[in-house]
Each structure stands twice: as structure tokens, then as C-alpha cells.
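Just the heavy atoms: all of them, side chains too, but no hydrogens, waters or symmetry mates, feed the values below.
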Amino acid sequence: MIRTRFAPSPTGHVHIGNMRAAIYNWLYARHHGGLFLLRMEDTDRERSTPEAVQTVLDAMDWLGLDTDETPVYQSQRREAHLAAAEQLLADGHAYKSDKGGTGRGEAVVFRMPGSDMSFTDGVKGTLTKKAEHLQDFVIVRSDGSPVFHLANVVDDIHMQVTDVIRGDDHVENTFRHLALYQALGAPVPKFAHLPMIVNAQGKPYSKRDGAAFVGDFRANGYLAEALFNYLVLLGWSAGDDREVFTRAELIEAFSLDRVQSSAAQFDWKKFEWMNGEHLRALPRDVHRAQYTQAIPAAQADAEYLDAVITVMEERIKRWDDIPAMAGFFFTDDYAYDEAAVQKRLQKEGALDLLAALESAYAALPDFNAETAEQALRQLAEERGVKPADLIHPVRIAVSGIPQGPSLFHMLAVLGRDRVLTRMQRTRETFC
RNA sequence: GUCCCCAUCGUCUAGAGGCCUAGGACAUCGGGUUUUCAUCCCGAAAACACGGGUUCGAUUCCCGUUGGGGACGCCA
């Protein structure tokens with residue numbers, strides 16, 4: 001039975017690189033019908049606050065990374081770490097020393113075996129290290145606290161982790177960890193090291209390069225499924241031409257040996273495209289919920305809301321677009337885009353044309369997309385102007401902004417009452 | 001500095017010796033649809049870092065160079 005784990009140290013933020021490692025662990029376990037576990041490496045008491053721990057839990061929950069066993073908190077495993085150190089001392093695999101020269105007592109130092117070491121990495125292949133480059137290292141500080149390497153290995157043994165999938169930056173540590181497993185007489189897990197996510201300069205992707213933490217994506221109205229999908233693709237491909245996946249498809253298709261061994265750059269544009277793909281695939285009631293959450297007034301009329309969603313669907317790329325792009329549907333008190341007003345309404349004769357169209361619309365026996373268009377074109381012809389000279393002013397008049405759904409569909413959705421009211425208000429505002 | 005890793009279009013990638021005049025996606029550019037914007041459709045431009053081998057034949061294998069990254073804590 002395969003057992004993988006995500007072992008973050010809670011710092012208050014969850015970096016997308018770490019989250020991708022978590023996703024790969026999760027997918028690998030799910031693909032093989034194994035278990036996915038969580039261990040909080042919260043031994044840094046300064047930063048590992050309850051809130052920081054909660055941030056990790058929230059991020060995992062948001063991305064749908066469910067765990068199969070109760071999370072292990074490393075800070076509570078101190079006795080086990082120290083016991084392991086005692087055993088290593090007793091077995092001669094470790095010794096006491098004050099090699100750092102702290103003067104505050106002796107640390108426990110692990111003795112490397114003194115032979116060349118190698119292991120087969122799940123993504124990088126066989127890695128080797130000469131004995132001369134493998135130095136002894138501290139496993140318990142002189143103040144009696146266990147060091148990362150010891151805690152990490154002892155806990156992975158405790159949790160019976162069979163596959164350690166983690167960031168590239170742990171490659172060198174792996175030789176130490178390997179030696180620790182052997183000295184502790186524990187079965188050695190498989191290791192796989194993931195390349196980093198970098199910025200345009202090839203440096204580790206950080207918050208200075210854009211949203212770097214899972215919480216940022218959520219706060220900005222992006223979809224968890226889109227981030228999940230995009231992060232998986234950053235360093236892995238199915239081998240065919242598929243890019244947009246459902247979660248089930250990813251579980252089915254994922255394999256470690258198709259993971260790229262070189263670093264990948266986060267491409268914001270492509271991520272946004274992917275977000276749009278996932279957004280459009282969402283069922284109608286999810287859209288309804290997002291609209292009503294963003295614009296409480298949208299709740300008033302379910303039928304109207306559905307009509308708005310239909311006409312706006314292709315335009316919304318993330319939930320945060322809703323207020324600015326669709327807000328005018330739900331209030332008569334929308335703001336006017338200044339540049340658009342200047343260009344379209346404060347133009348010679350524009351308001352007169354608007355008044356004429358208003359009368360024409362008021363007189364229509366039936367008001368819908370077809371008749372609204374017909375009436376507008378007819379008026380344009382009578383007045384000897386281009387349809388565009390009417391189309392643009394009307395758009396600004398009824399929505400306040402120069403972009404949106406195709407005009408006549410938009411008018412039909414708004415309905416004659418709103419359209420006339422708004423046209424009139426606009427004329428009075430700018431006359 | 002020492003050690004380790006990496007190297008296909010701008011970006012993410014397919015490619016596991018001949019199927020490659022190197023495929024897809026995002027971005028870009030051009031055209032169409034929409035008299036807006038977005039979507040959508042069509043098309044174009046765009047890459048095997050370099051040099052040696054191995055081979056009948058290298059993007060693919062080996063070596064080197066260059067470039068990039070990572071690790072070298074009594075941090076995690």
C-alpha cells in the first residue's frame with residue numbers, strides 16, 4: 001500500500017511550489033489507490049502559530065486535498081525523535097560533540113557511513129555522491145532539540161511513508177536521510193524530487209512575481225480546480241495533447257515518471273486562460289451562487305439572473321470580474337465610464353439621437369433583440385447616420401461601460417422598462 | 001569556491017535513433033464572427049544552446065563547453 005505525505009512547515013502562507021508538491025503526492029496516492037497523509041513540521045515555535053497551521057489546512061481544503069489519517073504534528077513527537085537519537089548513540093551511529101563551539105554543551109552528531117551513496121530518484125534517475133562529500137551532521141542541538149533531518153526521517157518511518165515526493169531543494173538532504181534510515185534499521189522509501197517553479201528570471205517564484213500563495217488565488221476569485229489543473233501541468237504532461245482536465249482525469253492519467261526534470265516558469269496568461277476554461281465548465285447554480293454573493297441584488301429575480309448569466313458567461317474570466325462587468329444589470333445607479341461618455345455621448349447630436357430612439361423604443365409593440373435592432377437601424381437610416389452612432393451611445397447610456405454583451409441581447413435582457421428609464425436618466429445627466 | 005541537477009518555439013510541453021520539412025497549448029501577429037469588449041473559428045510567425053564523438057542515420061546515446069538552477073546551518 002502506497003503512503004505519501006505532505007509535510008509543510010506552517011509559516012502563514014502556502015507557496016504554490018509546496019502546494020504543487022502536495023498535489024503530486026495526493027495524485028500519486030489516489031492514482032495508486034494508496035493513502036495521502038499530512039504532517040505539520042511545526043517545530044519552529046516562533047512561526048508555527050495556530051493561524052499558520054490553519055492556513056495550510058484551509059489551502060488543502062480549498063484545493064480538495066483530502067487526507068486519509070489524522071495529521072501528525074511534529075512538535076508533539078519530540079520524545080520519539082530524542083529516543084531515536086539515543087538509539088543511534090547506543091548503536092554507535094552518532095556521537096556527542098561541541099563542534100559548533102557553542103560552549104553550551106554537546107550536540108548529538110550523526111556519523112555518515114563513510115561510503116559512496118546513491119539512490120534512484122523517481123524523476124531524476126540515479127543520483128550518487130562520493131563519501132568525501134558526505135559529512136557528519138548534527139541531529140540534536142546542544143539545547144536538546146531535534147534537528148529537521150532527524151525529525152523528518154523518524155516521523156516518516158513512524159507514518160510508514162513509502163514514497164517521499166518533495167521539492168528539488170531536498171536532493172542533497174536525501175543522502176543524509178538515506179543514511180539515517182539505514183542506521184535506524186528502517187525500510188527506505190522511494191524518493192522523487194520535483195523541480196522548482198521559477199519566475200521570468202529563472203529564480204524561485206516568489207510573491208514579488210505575482211500571486212505566490214494559495215490564499216492569493218482564492219482571494220482574487222480564481223478557481224481551485226483551475227489552479228490545481230495548471231499546477232499539475234507545470235512540470236507534468238499526460239503525453240497526449242490534453243491540457244484541460246477534470247480531477248478524475250488527472251487521477252487517472254497522473255504518473256511520476258512523466259514529471260519534467262527541469263524547472264518551470266509560471267505563466268500568468270496561460271493560467272488565466274485555464275481559469276476561464278474551468279469557469280465555463282461549471283454548472284449554472286455555481287454561477288448563480290457567485291453572482292448573488294458578489295451582488296446581493298441579483299437574488300431578487302431568478303429568471304432575470306439566469307438571463308444575465310447566459311449573456312455574460314463568455315465574458316467572465318474569474319469571479320472577481322462579476323461586480324465590474326455585470327453590476328449594471330442589477331442597479332440603475334451604475335457609474336459612467338468617463339472616457340466612453342466623452343467619446344460617445346458628448347458628441348454632436350448624440351443625445352438627440354438617443355431621445356429619438358427612446359421614443360421609437362417606447363412605441364414598439366413588442367420589445368426584444370430583433371425589434372430593438374430593427375428600430376435602431378431604421379432610425380439610423382432616417383437620420384442619415386451610421387448604426388454605430390446609435391449603438392455606442394445606447395450601450396453607454398444603459399450600462400455606463402463601453403464593453404459588454406452584444407448590444408441587442410443586452411437590451412432584451414434588461415427589458416424595455418429599464419432601458420427607457422436609463423436612456424432618459426442618461427439624457428438628463430449629460431444634457 | 002566545492003558538490004549536485006538541468007537545457008526543444010517568448011512560456012508550458014510532445015518527442016524515448018529513422019514516423020520530425022520537430023506536434024500541441026498559452027501568448028503574439030493577420031483574417032472572419034460580434035458594428036463594443038470577451039468568446040469562438042481560420043491562418044501565420046516562432047525552438048532542438050554550442051562543439052566533438054557513437055551510428056548508415058541523431059532532437060533523441062556519450063563526452064566536453066557555455067548558460068541556468070539548487071545544496072553546502074546546532075533553519076525547515
With sugar-phosphate meaning primed atoms plus P, OP1 and OP2, does [X] contact a base, only sugar-phosphate, or nothing at under 4.0 Å between heavy atoms?
X	answer
A/Lys130	nothing
A/Gly404	base
A/Asp240	nothing
A/Gly276	nothing
A/Met196	sugar-phosphate
A/Lys203	sugar-phosphate
A/Ser237	sugar-phosphate
A/Glu272	nothing

Using the side-chain heavy atoms of [X], tell me which of these nucleotides is nearest: [options].
X	options	answer
A/Glu172	B/rC37, B/rC12, B/rA71	B/rA71
A/Arg315	B/rC26, B/rC37, B/rC74	B/rC37
A/Ala107	B/rC26, B/rC74, B/rC6	B/rC74
A/Ser262	B/rC40, B/rU39, B/rC6	B/rC6
A/Leu127	B/rG70, B/rC5, B/rU36	B/rC5
A/Ala264	B/rU36, B/rC12, B/rA76	B/rC12
A/Arg258	B/rG70, B/rC75, B/rG15	B/rG15
A/Arg141	B/rU39, B/rA76, B/rC3	B/rA76
A/Arg280	B/rC40, B/rC12, B/rA27	B/rC40
A/Glu243	B/rA76, B/rU39, B/rG24	B/rG24

Using the six-membered ring wherever Trp is involved, compare the ring planes of A/His193 and A/Phe191 and label them parallel, tilted or perpendicular (cut-offs 30° and 60°).
parallel
Parallel, tilted or perpendicular: which fits the ring planes of A/Tyr304 and A/Phe330, with parallel below 30° and perpendicular above 60°?
perpendicular
For A/Pro204 and for A/Gly105, find the nucleotide of RNA chain B with the closest heavy atom, then tell me which residue's nucleotide is more 5'.
A/Pro204
Comparing nearest nucleotides in RNA chain B, the 5'-proximal residue of the pair A/Gln74, A/Ile316 is A/Ile316
Watson-Crick or G-U wobble partner for [N], using a 3.5 Å limit on both distances?
N	value
B/rC19	none
B/rA7	B/rU66
B/rU28	B/rA44
B/rG1	B/rC72

When only distance counts, do a donor and an acceptor, one from the side chain of A/Asp168 and one from the base of B/rC5, lie under 3.5 Å apart?
no
Go through the steps to decide whether A/Ile391 and A/Phe408 satisfy the test side-chain contact (heavy atoms from CB on, under 4.5 Å), and finish with yes or no.
CA-CA 9 Å; A/Ile391 286 172; A/Phe408 303 108; 4.2 Å; yes
How far does the C1' atom of B/rG17 sit from the matching atom of B/rC62, given to the nearest Å?
14 Å
Taking atom types as modelled, find out whether A/Asp333 and A/Thr331 have a side-chain donor-acceptor pair closer than 3.5 angstrom.
no
In this structure, CD1 of A/Ile16 is separated from CG of A/Asp216 (nearest 0.5 Å) by 9.5 Å
Are A/Phe228 and A/Tyr230 close enough that their ring centers fall under 6.0 Å?
no
